[in-house]
Amino acid sequence: ITLDEYIDGINNEFDWIIIDKEIDFSEQMKRFDTYFLGRKTYEITKNMGGNSFGKSKVYIFSNTLKKVEDPFHLINKNVKESIEKIKKEQGKDIAVWGGGELLTSLLNLNLIDEISLAVIPIILGEGIPFVREINKRVLLTLINSKIYSNGTVALTYHVKK
């Protein structure tokens, strides 16, 4: 996320993301075995060469898609019930990957337990916002933070229910 709260540039570009060699993404990703993506993130993922999520389960949330390619799974109805069922399954944690609209929807449905983000030291001025049109305030408790040498600040918050 940028300092001015964007997750993508106005044209869905993410070339502004500063990758710090101190950040071990593969180690961080070991925590998850399930990913939730919105339609736009799914399409970007497909255009970049398909599934980079390995053997993890990946669910695509869309009101417009009728089907998705294997190994992805589509959820386009009964969202709250579907997610509650997935959350009860055995396994590791679930990550919402990209998609401010999906995050907003899941926050509005009270289905997010934790928010982890990395604040990149840049101001874009315009772009795709982190969240939009939240229907209520979401109270958070900081549970972890780390500052990297390039100025990126990683923050993890527990969502108060």
Side-chain angles (χ1 to χ4, degrees), residues 1-32 34-54 56-69 71-76 79 83 93-109 111-140 142-159:
I1 186 171
T2 65
L3 191 60
D4 53 348
E5 303 175 357
Y6 295 113
I7 57 171
D8 273 331
I10 196 71
N11 297 309
N12 294 312
E13 72 275 11
F14 48 89
D15 58 337
W16 51 268
I17 297 175
I18 303 167
I19 303 298
D20 190 302
K21 56 187 168 219
E22 290 178 71
I23 302 172
D24 187 349
F25 288 107
S26 60
E27 184 61 34
Q28 290 179 7
M29 301 315 280
K30 288 179 183 177
R31 176 180 168 195
F32 307 105
T34 303
Y35 293 88
F36 291 169
L37 281 64
R39 179 191 54 81
K40 293 174 189 170
T41 304
Y42 165 68
E43 290 174 350
I44 291 168
T45 300
K46 272 189 2 181
N47 291 336
M48 292 177 64
N51 181 11
S52 60
F53 298 97
S56 297
K57 292 181 257 177
V58 183
Y59 295 90
I60 310 306
F61 292 81
S62 173
N63 294 321
T64 57
L65 293 175
K66 301 297 181 218
K67 65 178 186 169
V68 294
E69 296 176 7
F72 301 102
H73 308 279
L74 178 63
I75 296 179
N76 57 6
V79 171
I83 291 174
D93 289 339
I94 301 167
V96 176
W97 192 258
E101 290 180 42
L102 177 59
L103 176 61
T104 300
S105 296
L106 298 181
L107 283 167
N108 284 337
L109 290 170
L111 292 170
I112 298 292
D113 300 316
E114 184 179 289
I115 296 177
S116 293
L117 52 95
V119 181
I120 308 293
I122 188 169
I123 296 172
L124 293 181
E126 62 181 349
I128 310 300
F130 182 56
V131 294
R132 22 175 132 182
E133 300 179 24
I134 293 292
N135 62 17
K136 63 180 184 220
R137 290 181 180 173
V138 178
L139 300 174
L140 307 171
L142 182 66
I143 57 176
N144 195 14
S145 65
K146 181 168 181 166
I147 300 172
Y148 293 95
S149 61
N150 70 354
T152 297
V153 179
L155 302 166
T156 302
Y157 293 94
H158 171 74
V159 177

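A 4.5 Å side-chain heavy-atom check between L107 and I115 finds at least one atom pair inside the cut-off. Inter-residue side-chain proximity for L65 and L74 is flagged as met; some heavy-atom pair is nearer than 4.5 Å. Residues V58 and P71 form no side-chain contact, since every pair of their non-hydrogen atoms from C-beta on lies 4.5 Å or further apart. Taking 4.5 Å as the limit, every side-chain heavy atom of N63 sits out of range of all side-chain heavy atoms of N76. At least one side-chain heavy atom of L142 sits under 4.5 Å from a side-chain heavy atom of L155. Counting heavy atoms from C-beta on, the side chains of T64 and R39 come closer than 4.5 Å. I75 places none of its side-chain heavy atoms less than 4.5 Å from the side chain of I60. Annotation: side chain of Y35 is not in contact with side chain of V96 (no heavy-atom distance under 4.5 Å).
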Assess whether ring pair (Phe, Tyr, Trp, His ring centres under 6.0 Å) is satisfied between F61 and F36, documenting all intermediate values. CA-CA 7 Å; F61 292 81; F36 291 169; 4.9 Å; yes
Would you please test L106 and L111 for side chain to side chain contact (heavy atoms under 4.5 Å, CB included) and show each step? CA-CA 5 Å; L106 298 181; L111 292 170; 4.2 Å; yes
Does F130 form a side chain to side chain contact (heavy atoms under 4.5 Å, CB included) with L103? I'd like the steps, not just the answer. CA-CA 8 Å; F130 182 56; L103 176 61; 3.6 Å; yes
Applying side chain to side chain contact (heavy atoms under 4.5 Å, CB included) to T152 and V119, what does each step give before you reach the verdict? CA-CA 6 Å; T152 297; V119 181; over 6 Å; no
Pair Y42, V68 - check side chain to side chain contact (heavy atoms under 4.5 Å, CB included), show working. CA-CA 9 Å; Y42 165 68; V68 294; 3.5 Å; yes
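Taken from OG1 in T104 to CZ in R132, the straight-line distance is 7.0 Å, to the nearest 0.5 Å. The distance from atom CD1 of I143 to atom OG1 of T156, rounded to the nearest 0.5 Å, is 5.5 Å. I44 CD1 to E13 CD: the interatomic distance, rounded to the nearest 0.5 Å, is 10.0 Å. The CD1 atom of I147 sits 11.5 Å away from atom CG of N150, with the distance rounded to the nearest 0.5 Å. To the nearest 0.5 Å, the span separating CD on E101 from CD on E133 amounts to 9.0 Å. Atoms CD1 and CD1, on I1 and I7 in that order, are 8.0 Å from each other to the nearest 0.5 Å.
Judged by distance alone, the side chain of T41 and the main-chain N or O of G38 form no donor-acceptor pair under 3.5 Å.
Ion pair K40/E43 not flagged as a salt bridge, since none of the NZ, NE, NH1 or NH2 atoms sits closer than 4.0 Å to an Asp/Glu carboxylate oxygen.
Each of T2, I10, D8, L3 was scored for a side-chain contact (heavy atoms from CB on, under 4.5 Å) with Y6, with one residue passing: T2.
No more than 12 heavy atoms of other residues, nucleotides or ligands shown are found within 6.0 angstrom of NZ on K67. When the shell of 6.0 Å around CD of E114 is examined, it contains more than 12 heavy atoms from other residues, nucleotides or ligands. For E22, the CD atom sits in a packed shell: over 12 heavy atoms of surrounding residues, nucleotides or ligands are nearer than 6.0 Å.
F72 and Y59 have their aromatic ring centers separated by at least 6.0 angstrom.
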